[in-house]
Amino acid sequence: MIDIHTHILPGIDDGAADWDYSIKLARAAAAEGITGIIATPHHYDGKYSNEKETVIELTAELNNRLLGLDIPITIQSGQEIRVHSEFLTNWQGGRLLPMGNSSYVLIEMPSSQIPKSMEQIVYELRLIGIRTVIAHPERNAEVVQHPDRLAELIDLGACAQVTTHSLLGGFGRGIEKSAWNLCRRGLIHVVSSDAHHLEWRGFRMKEAYERVEAEMGPVWRRYFEGNAQAIWDGRALTDQPSLTQSASKAGGWGKLKSLFGK
Ligand SMILES: [Fe+2]
């Protein structure tokens, strides 16, 4: 299992506080069956600034420590980059990190709205072969109210990551509803933990995939898992299942399962 959005690097944002905690997170991830993690510390969010050199250095150090401790997880470097006015200039100047060695980049919008510059960023990145991964749109107030605005960004070339805790109700009923609504509308491409710490923002990847399978069917679980692997490998995303294969709790897949007793 691959987790493409985490705050596992020590002492640089509101995730793992120190090396011991990074290792604790890695052990918890391994126990769930996660084998690959992209470390995506906050960058440019007004509070944290984590330059790519620091991220690359800490990622290498964490990989060394995991190897030494026989914890079977590989870390790739990335950043969760807040939309900012110099985004495209910074990208073109080589100052921002993609996710691992791929041509995907993880972008965070503010929680209140979709910034006006978002369309241009997504579009211009796509023109140079870079695909925007929008972090947890289910927690953005404008997307919650108007999912079509997310659909417009996806039409321009973005894809979207939903957080396990959102799907599992960890951010409250409203966000949970929004998360499943976006999934069922085909506006979500990948599931990830956005893990910060184990107390209430751990991984829960296995649990979330099990819920996806129960709610939407195994084809959607395979789709989300396949896309996490594709981002990890730096490949194109897999084809989305037909939306008729997405089932509501009461209908479709759930009904079929009960009819055939599986
Ligand atoms: Fe995050």
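Residue numbers count from 1 along this sequence. Everything quoted here is computed from the prediction, not taken from an experiment.
With contacts defined as side-chain heavy-atom distances shorter than 4.5 Å, the pair Arg211/Leu167 does not qualify. Using a 4.5 Å heavy-atom threshold, the side chains of Tyr104 and Thr132 count as separate. Contact check for Leu106 versus Ile134: no side-chain heavy atoms found under the 4.5 Å cut-off.
The distance from atom OG of Ser102 to atom CZ of Arg131, rounded to the nearest 0.5 Å, is 11.5 Å. To the nearest 0.5 angstrom, Arg27 atom CZ is 12.0 Å from Leu198 atom CG. Expressed to the nearest 0.5 Å, how far NE2 of His196 lies from CD of Glu199 amounts to 12.5 Å.
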Might you work through the side chain to side chain contact (heavy atoms under 4.5 Å, CB included) test for Ile73 and Thr35, ending with a clear yes or no? CA-CA 5 Å; Ile73 288 192; Thr35 52; 5.7 Å; no
Stepwise, does the side chain to side chain contact (heavy atoms under 4.5 Å, CB included) test hold for Met99 with Ile231? CA-CA 8 Å; Met99 303 169 85; Ile231 292 172; 4.2 Å; yes
Take Asp3 and Ser192 through the side-chain hydrogen bond (donor to acceptor under 3.5 Å, both in side chains) test and state the conclusion after the steps. CA-CA 5 Å; Asp3 193 353; Ser192 166; 2.7 Å; yes
Going through the distances and angles, do Asp194 and Glu80 end up as a side chain to side chain contact (heavy atoms under 4.5 Å, CB included)? CA-CA 10 Å; Asp194 192 8; Glu80 179 178 13; 4.2 Å; yes
Might you work through the side chain to side chain contact (heavy atoms under 4.5 Å, CB included) test for Leu97 and Glu53, ending with a clear yes or no? CA-CA 9 Å; Leu97 280 176; Glu53 292 76 13; over 6 Å; no
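Applying the salt bridge (charged side-chain N to carboxylate O under 4.0 Å, His left out) rule to Glu108 yields the partners Arg82; only residues at least two apart in sequence or on another chain are considered. Partners of Glu57 by side chain to side chain donor-acceptor pair (under 3.5 Å), not counting sequence neighbours: none found.
The residue from Thr59, Leu62, Ile8 that alone fulfils the side-chain contact (heavy atoms from CB on, under 4.5 Å) condition with Ile37 is Ile8. No option in Leu153, Val162, Ile154, Asn181 other than Ile154 meets the side-chain contact (heavy atoms from CB on, under 4.5 Å) test with Leu187.
Judged purely by distance below 3.5 Å, without hydrogens or angles, the side chains of Tyr44 and Asn90 pair a donor atom with an acceptor atom. For the residue pair Glu176/Ser178, the side-chain donor-acceptor check at 3.5 Å is not satisfied. No donor-acceptor contact under 3.5 angstrom links the side chains of Asn50 and His42, judged on distance only. No side-chain donor-acceptor contact under 3.5 Å links Asn227 and His189. A donor-acceptor contact under 3.5 angstrom links the side chains of Glu138 and Ser166, judged on distance only.
Salt bridge status for Glu225 with Arg222: absent, with no side-chain N to carboxylate O gap under 4.0 Å. Glu210 has no carboxylate O lying under 4.0 Å from a charged side-chain N of Arg221, or vice versa, which leaves the two without a salt bridge. Electrostatic pairing of Lys47 and Asp45 does not count as a salt bridge here, judged by no charged N lying under 4.0 Å from a carboxylate O.
Leu69 is connected to Leu9 through a chain of hydrophobic side-chain contacts under 4.5 Å among Ile, Leu, Val, Met, Phe, Trp and Tyr, so both are in one cluster.
In this structure, the ring of His136 has its center less than 6.0 angstrom from the ring center of His5. Ring pair His84/His43: centre-to-centre distance not below 6.0 Å.
Among all heavy-atom pairs drawn from Ile12 and Pro41, the shortest one is CD1-CB, 3.6 Å.
Relative ring orientation between Phe224 and Trp220 is described as tilted, the plane-to-plane angle lying within the 30° to 60° band.
Tyr123 OH: 12 or fewer foreign heavy atoms inside a 6.0 Å radius.
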